[in-house]
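Each remark here refers to the structure printed beneath this line.
We're numbering straight along the sequence, starting at 1.
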Amino acid sequence: MTYTYKSDFLRIMAERGFLADCTDPQGLDEALLAGTVPAYIGYDATAKSLHVGHLLNIMVLRWFQKTGHKPITLMGGGTTKVGDPSFRSEERPLLDAQAIASNIDGMKQVFAKYLRYGDGPADAIMLDNAEWLDGLNYLDFLRDVGRHFSVNRMLSFESVKSRLDREQSLSFLEFNYMILQAYDFVEIHRRHGCLLQMGGSDQWGNIVNGVDLARRISNADIFGMTTPLLTTSDGRKMGKSQGGAVWLNSDMLSPYEFWQFWRNTTDADVGRFLKLYTELPVEECDRLGALQGSEINAAKIILANEVTALCHGPDAAQAAEATAREVFEQGGMGEELPTLALPFADLGDGVSMAQLFVRAGLAKSGKEAKRLIAEGGARANDAPVTDAGQMVRADDLATPLKLTAGKKRHALVTLA
């Protein structure tokens, strides 16, 4: 018989499609009903911004707080120095302390848009695991924590096993990652009474290790929960676009480009994404997701507006929609389009059209730009570009030049 959740949080997680696995669903449900529960999700500082792949679990923390519980955002200032090997084919590049601190500063920007931080019972707090990991005594740690881990069991976890099965190197440094993450849960439980760790399903093994370690060391009754790893209906990894990662910080991806990512959602994904990435009622998400033909485009605009309003604010969402309408429906330039401002000195004898597409972010390389032009997918001010070597000079930029790659990607080029 299927267990029916009584707590608002788990009921919402199940209804909206967030729930993959839980170590003890009934026990967690009862704990959530008994009072305010602290829970954390960890984020290693591997880049200056979080991306759309992180957004699912940020929404989990948001729902957690909206249902009366206390979210903890854990910055991996310590674990980033090791690197999570989960489902990676090679070791992550090691970052120095300065790079990690800079990345954490960039990542912090997004959380305040989704969570309320403060000193209240259900106010979010932000921690950094460098606070307890940086000062560990290695021998003491091996004796007190390492003895609780079976290498046989660690080798059986899919994140490690898949790497070894492919005969890809797994360093001893990386192998320690799961022990450090498990120890995080012990420390956050000790310091803040944390009862729940959440994360993507690729973190299941690490989360279970933390639950087991806290029970062994502190006799703690704590829980783990994971969300599904999402792919789009056409099999692509969620959070990737033609231009690369879909960043959440506006200085790394403009709100317009962010809006366009959601507007370009495949028809089959609209209802599911509305449930996961917006706060619209489930019934409305189902209704919008069931629309057919041209009507589904209206649902995609609602999706783009709702997600962009949460991440960048309502004004940015409205401006992005207005720009899209101007560009696509009226053939205009659009003030919010990504803009490449070329200094006059950079132009010299001119810049080739192929290089302009690369510098504007519409092609990853000159080879890709030339192929785009050869296949008829490049336009300048809505006119086809047929010559990759055509030179663009200062006189051509007296007014902004609109470049288009394919049907949906645009950028403006201006003189700085």
Side-chain angles (χ1 to χ4, degrees), residues 9 31-32 35-50 54-66 68-84 86 95 97-137 141 144-145 176-200 203 206-211 213-214 217-218 220 222-227 248-249:
F9 175 68
L32 291 166
T36 300
V37 170
Y40 88 95
I41 297 178
Y43 299 87
D44 278 347
T46 54
K48 290 184 179 296
S49 171
L50 298 169
H54 295 107
L55 193 52
L56 185 79
N57 282 319
I58 294 174
M59 290 300 294
V60 168
L61 289 174
R62 183 174 171 85
W63 281 113
F64 195 68
Q65 186 169 55
K66 286 171 71 74
H69 301 286
K70 188 177 188 69
I72 299 171
T73 45
L74 177 68
M75 299 290 97
T79 43
T80 305
K81 296 172 184 175
V82 175
D84 184 1
S86 297
L95 304 177
Q98 184 176 354
I100 291 171
S102 175
N103 286 349
I104 288 175
D105 286 342
M107 290 165 58
K108 285 179 178 178
Q109 297 175 26
V110 75
F111 290 110
K113 299 173 183 177
Y114 290 88
L115 302 172
R116 181 187 70 254
Y117 286 85
D119 299 322
D123 286 345
I125 59 173
M126 183 172 288
L127 305 175
D128 186 339
N129 60 19
E131 183 180 342
W132 52 83
L133 294 182
D134 280 2
L136 284 177
N137 179 291
F141 185 71
D144 298 338
V145 176
N176 276 272
Y177 185 92
M178 65 178 72
I179 300 178
L180 295 176
Q181 183 172 327
Y183 184 67
D184 281 345
F185 202 171
V186 172
E187 283 292 335
I188 301 172
H189 174 70
R190 282 175 177 168
R191 295 166 184 242
H192 300 280
C194 183
L195 297 182
L196 172 64
Q197 181 186 172
M198 300 183 288
Q203 295 297 312
N206 292 335
I207 290 173
V208 169
N209 275 334
V211 171
L213 183 64
I217 290 179
S218 306
I222 58 178
F223 309 93
M225 189 194 99
T226 60
T227 54
L248 303 185
N249 287 10

(message) Apply side chain to side chain contact (heavy atoms under 4.5 Å, CB included) to residues R191 and E131 and explain how you reach the verdict.
(response) CA-CA 12 Å; R191 295 166 184 242; E131 183 180 342; 2.9 Å; yes
(message) Within the 4.5 Å heavy-atom criterion, are V37 and F223 side-chain neighbours or not?
(response) no
(message) What's the separation between atom NE2 in H189 and atom CD1 in I222, rounded to the nearest 0.5 Å?
(response) 6.0 Å
(request) Work out which heavy atom in L32 is nearest to a heavy atom in H69; give both atom names and the distance. (result) O-CE1, 3.3 Å
(request) Taking ring-ring contact (aromatic ring centres under 6.0 Å, His included) as the test, write out the residues that go with F141, two or more places apart. (result) Y183
(message) With heavy-atom distances below 4.5 Å as the criterion, would you say the side chains of V110 and H54 are in contact?
(response) no
(message) Side chains of Q181 and N209, heavy atoms from C-beta outward: is any pair under 4.5 Å?
(response) no
(message) I need the minimum non-hydrogen distance between I72 and P38, along with the two atoms involved.
(response) CD1-CB, 4.1 Å
(message) With rounding to the nearest 0.5 angstrom, report the OG1 to CG distance, T79 to D44.
(response) 3.5 Å
(request) Locate the shortest heavy-atom distance separating G68 from A122; write the atom from each residue and the value. (result) O-CB, 3.9 Å
(request) Might you point out which heavy atoms bring F185 and G210 nearest each other, and give the distance in Å? (result) CD1-C, 3.8 Å
(message) Is it the case that the side chain of T36 and the backbone of P121 share a donor-acceptor pair, with hydrogens and angles ignored and the cut-off at 3.5 Å?
(response) no
(request) Quick one: closest heavy-atom pair of M225 and I207, and the distance? (result) O-CD1, 3.9 Å
(request) Ignoring hydrogens and angles, tell me if any N or O in the side chain of D128 forms a donor-acceptor pair with the backbone of A130 under 3.5 Å. (result) yes
(request) Test side chain to side chain contact (heavy atoms under 4.5 Å, CB included) on D184 and W132 and set out the steps. (result) CA-CA 8 Å; D184 281 345; W132 52 83; 2.8 Å; yes
(request) Nearest 0.5 Å please: distance from the OG1 atom of T226 over to the CD1 atom of I41. (result) 11.0 Å
(request) Please identify each residue that fulfils side chain to side chain donor-acceptor pair (under 3.5 Å) with S218, with sequence neighbours left out. (result) none
(message) We want to know whether Q203 and Q197 form a side-chain donor-acceptor pair, criterion being a heavy-atom distance below 3.5 angstrom.
(response) no
(message) Under the rule for side chain to side chain donor-acceptor pair (under 3.5 Å), what residues qualify as partners of D105, not counting sequence neighbours?
(response) none
(request) With the side chain counted from C-beta on, respond yes when L248 and I58 share a heavy-atom pair under 4.5 Å apart, and no when they do not. (result) yes
(request) Would you check if R190 and I217 make a side-chain contact, meaning some heavy-atom pair closer than 4.5 Å? (result) yes
(request) Indicate yes or no: at least one non-hydrogen side-chain atom of T46 is less than 4.5 angstrom from one of N103. (result) no
(message) Measuring from atom CD1 of I179 to atom CG of N206, what distance do you get when rounded to the nearest 0.5 angstrom?
(response) 10.5 Å
(request) Determine yes or no for a side-chain-to-main-chain donor-acceptor pair under 3.5 angstrom, with K70 supplying the side chain and A124 the backbone. (result) no
(message) With rounding to the nearest 0.5 angstrom, report the CG to CD1 distance, L95 to I100.
(response) 5.5 Å
(request) State, yes or no, whether a side-chain contact exists between M198 and Y40 at a heavy-atom distance under 4.5 Å. (result) no
(request) Measure the CE-CE distance between M107 and M75 for me, rounded to the nearest 0.5 Å. (result) 4.5 Å
(message) If I compare all heavy atoms of T73 with all of L61, which pair ends up nearest, and what's the gap?
(response) CG2-CD1, 3.7 Å
